Structures are given as C-alpha cells and as structure tokens.
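Everything numeric in this text was worked out from a predicted model, so none of it was measured. We count residues from 1, following the sequence as given. When a ligand or atom number is given, it counts from 1 through the structure's own listing order.
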Amino acid sequence: METKILPVTDESVALAKEILLGGGLVAIPTETVYGLGANGFDGAAVKKIYEVKGRPTDNPLIAHVDPGYDLTRLVYIENDYALKLKEKFTPGPLTMVFFSKGKICREAVCGGDTLAVRIPSHRGAQKVLAAAGVPIVAPSANISKHVSPVTAEHVYEDLHGRIPLILDGGRCTGGIESTVLDVTGKVPRILREGLITREMIASVAGACEIAQHKPTDKVRSPGVKYGHYMPRCDTARFCAGEEAKAAALYDETVKSGGRALILCGEERRGAFAGRDVISLGIGGEAMAANLFAALREGEKRADLIIAVEPEEKNGVYAGVMNRLCKAVKKYGEGGEKH
Ligand code: TXA
Ligand code: MG
C-alpha cells in the first residue's frame with residue numbers, strides 16, 4: 001500500500017473523511033503526538049489499528065471528539081468536577097475516563113465498561129473530526145513500544161506501507177501524550193501524567209490523586225504495564241548530579257569505537273563540552289516538547305543514548321520523567337542493553 005503524506009487542506013481532509021468512513025486508517029496531527037485514527041463506531045476498522053501497530057489487544061483506545069460534541073452521547077458524567085475540568089482544560093491535552101454508554105465499539109475499549117475521551121486543540125485534528133462527524137479512536141501513530149511520533153516523518157518511518165494517508169500538521173507542540181485522568185470516582189485520579197499536571201487538576205477539582213501501579217495490581221490503565229517509547233539503540237540513564245559518570249560512559253563508548261549521544265536539559269550541557277549532545281531545552285514544557293524527537297534523532301545518530309534526568313520532578317517534569325524512565329533504563333539496571 002502506498003502511504004501519502006499530505007498537508008492539512010480542505011482536499012486532504014475530505015480524503016481523510018472518505019478513508020475513515022470507508023473503514024480505513026488515517027494518521028492525524030494533534031497537539032501532543034500524532035494519532036492513528038479510525039471510526040470509533042466501526043469495529044473492523046478499529047481492529048486494524050491493533051494489527052498495524054502490533055498493539056496488545058487488551059490496551060484500550062482514546063475516543064477523540066470535536067469541541068462541540070455532546071459527551072453525554074458516549075459516556076455518563078457522574079461528577080461535577082469533570083465538567084469543570086472540561087471547561088478549564090479542553091480543548092487540550094487532557095483525556096478523561098468515564099463510564100461508557102457502550103456506543104463506541106467494543107474493540108476500542110477491549111470489552112471494558114469505561115471510555116477515555118479527549119478533545120484535541122490542534123486545528124488539523126479538529127478539522128478531521130468535524131468532517132468525519134464521528135468520534136475517532138486513536139492511539140499514538142507509532143509501532144507499539146517504539147518512541148511516539150511528533151512529526152509526519154516519524155509516522156512514516158514506522159507505518160509506511162501499512163496505512164494510506166498521513167496528514168501533516170507540522171511538529172506537535174506538546175510533545176508528550178495527554179494526561180489520562182480517571183473521573184469515575186469522587187476524587188480524580190491520574191493514570192498517565194502529562195502536560196495537564198496534578199497541581200493544575202487539583203486547583204480546579206479540589207484534589208487529585210496519582211494512581212500507583214504495583215506489579216501485583218489489577219492495572220486500571222492497561223497501557224502502563226507495557227514497554228514503551230523505546231529507541232532502537234542502547235540506552236543508559238543517570239540522575240541529575242551524575243554528569244561525571246555519564247561523561248565517563250560516553251568517553252568509554254567512543255574510545256571503543258561506538259557512537260554515543262548525551263540527552264539533557266540545557267542547564268546540564270556545560271558538563272559535556274566536546275561531546276555530542278542534544279539539549280532538551282530549558283524548563284519542563286521544553287523538555288516535553290523535545291524529548292521524543294530527540295530520542296528518534298538519537299537512535300539514528302548513536303549506538304548508545306545517555307540521558308541525564310532533570311533535577312525537578314513535579315509539575316510537567318512528572319510527565320517528562322514518566323516517559324524518560326520508560327524510554328531509557330537506569331544505567332546498571334539493564335540500561336546498557338535492551
Ligand atoms: O495525547 C494522546 O493521548 C495521544 C493522542 C493521539 O491523542 N494518544 C495516545 O494514545 O497516547 P495511546 O493509545 O498511545 O495511549 C492511551 C492510554 C493508554 O495508556 C491506555 O491504556 C489508556 O490511555 N486508556 C485508554 N482507554 C482507557 C480506559 N478506558 N481506561 C483506562 N485507561 C485507558
Ligand atoms: Mg502510545
């Protein structure tokens with residue numbers, strides 16, 4: 001199958017609509033990462049998402065709707081704080097998990113009784129949603145376990161030959177996936193951290209918990225138990241303050257003929273003078289925006305990516321750390337090889 005990459009125009013959106021309503025898949029830009037979309041009412045189309053990505057079939061999908069969509073067509077809104085959060089943070093990178101009315105096909109929710117819903121703010125995504133007129137279920141548009149895509153080229157690298165169309169809406173500005181929030185209980189609970197932080201949610205809802213996933217738990221957000229975001233090269237992660245160790249590993253690697261690359265915040269790059277460094281920028285938002293693109297660049301440019309953690313761990317950094325810890329294993333704990 002030939003895979004077209006087209007900029008978002010009236011014509012390409014019309015083509016996307018035709019493919020989606022005909023049971024096919026289209027990759028679409030969002031403000032977080034690119035999504036691989038299918039009509040949420042079409043079970044056969046949604047099955048293709050799992051096949052194309054190699055995604056475990058017990059990991060449910062997010063339904064994307066446009067800002068005018070009446071959510072009560074799809075879900076039960078039982079807690080008023082959810083409406084306040086919707087008002088304050090959407091359209092945008094917040095996904096809320098409600099009890100489902102069972103309208104979205106069971107393939108998308110893996111037979112579960114809840115549905116994750118997101119209202120993207122990206123104009124390209126909104127145009128496709130408005131044109132299609134149906135909820136579009138979409139995971140990130142990468143091969144399962146690989147780094148999430150933040151450009152149309154990243155999607156092409158993973159999925160060319162497997163899908164007919166990628167809509168190119170430029171580089172995603174958010175850079176990490178949406179915050180996934182369980183709003184079925186009295187207190188909202190974060191299942192996956194992202195750009196809408198615990199502090200931001202608590203300021204509107206009064207409180208906000210973070211789900212703790214222990215290996216023995218029945219996992220509420222199935223995605224958290226799988227390998228994720230892994231670049232196709234060796235990786236090693238060091239804590240903030242361990243720059244000397246990171247530099248020593250870099251030098252050792254280069255000495256033995258390997259290509260190494262350092263990933264770190266701008267404030268740390270001074271510790272790595274004369275070495276190949278990708279700076280993730282200044283501050284949590286910048287790190288989020290740059291992380292996946294840097295990991296994708298790194299796997300091409302190096303045999304070993306050496307990442308240094310930011311010192312700060314709260315706010316947006318929580319989402320950055322979540323992705324970084326899954327993508328790059330701690331040195332000495334299997335991080336050197338995977
Ligand atoms: O920003 C995003 O959320 C991107 C863009 C494309 O919208 N999408 C995305 O989808 O990251 P995906 O499939 O890669 O991740 C969805 C996460 C998974 O961890 C999944 O387990 C969780 O959301 N999830 C989906 N439906 C759920 C549900 N009903 N209950 C709990 N967790 C759910
Ligand atoms: Mg994903």
At the 4.0 Å heavy-atom cut-off, does Val109 count as touching ligand 1? no
Is atom CG of Leu83 surrounded by more than 12 heavy atoms (other residues, nucleotides or ligands) closer than 6.0 Å? yes
So for Asp182 against ligand 1, with non-hydrogen atoms under 4.0 Å, the contacting part is neither
Can you confirm, on distance only, whether ligand 1 has an N/O atom lying under 3.5 Å from any N/O atom belonging to Thr95? no
Would you mind running through ligand 1 and noting each atom that sits below 4.0 Å from a heavy atom of Leu61? 26 (N)
Any side-chain donor-acceptor pair under 3.5 Å between Glu177 and Ser148? yes
When you compare ligand 1 with Asn59, is there at least one nitrogen or oxygen pair between them that comes in under 3.5 angstrom? yes
Under 4.0 Å to a heavy atom of Val180 - the qualifying atoms of ligand 1, by number: 23 (O)
Is the cationic atom of Lys103 (NZ for Lys, CZ for Arg) positioned less than 6.0 Å from the six-membered ring centroid of Phe41 and within 45 degrees of its normal? no
Atoms of ligand 1 under 4.0 Å from any heavy atom of Thr114, numbered from 1 in the order shown, are 28 (C), 29 (N), 30 (N)
Side chain, backbone, both or neither: which part of His228 comes within less than 4.0 Å of ligand 1 when only heavy atoms are counted? neither
Mark up the atoms of ligand 1 that fall under 4.0 Å of a heavy atom belonging to Gly35, in ascending order. 6 (C)
Please determine whether salt bridge (Lys or Arg N to Asp or Glu O under 4.0 Å) holds for the pair Lys48 and Asp42, giving the CA-CA distance in whole Å, both sets of side-chain angles, and the decisive distance to 0.1 Å. CA-CA 10 Å; Lys48 289 184 194 163; Asp42 181 344; over 6 Å; no
4.5 Å side-chain heavy-atom contact, Val26 and Val128: no
Does the N or O separation between His64 and ligand 1 drop below 3.5 Å for any pair? yes
Using a strict cut-off of 4.0 Å, indicate which atoms of ligand 1 neighbour a heavy atom of Thr32. 1 (O), 2 (C), 4 (C), 5 (C)
Would you say Ser144 reaches the Mg ion (ligand 2) with an N/O/S atom under 2.8 Å? no
Does Ser140, backbone or side chain, put an N or O under 3.5 Å from an N or O of ligand 1? yes
Is the count of non-hydrogen atoms from other residues, nucleotides or ligands lying under 6.0 Å from Lys17 atom NZ greater than 12? no
What do you reckon, does Tyr34 have a nitrogen or oxygen under 3.5 Å from a nitrogen or oxygen of ligand 1? no
Run the numbers for me: atoms of ligand 1, each under 4.0 Å from some heavy atom of Ala116, listed by number. 25 (C), 26 (N), 27 (C), 29 (N)
Minimum heavy-atom separation for Cys172 to Thr30, with atom names? SG-O, 3.3 Å
For Glu266 and Ser279, which I'm curious about, is there any donor-acceptor pair between the side chains at under 3.5 Å? yes
Could you tell me whether Glu31 and Arg118 make a salt bridge, using a distance below 4.0 angstrom between a side-chain N and a carboxylate O? yes
Ignoring hydrogens and angles, state whether a donor on the side chain of Glu299 or His146 is under 3.5 Å from an acceptor on the partner side chain. yes
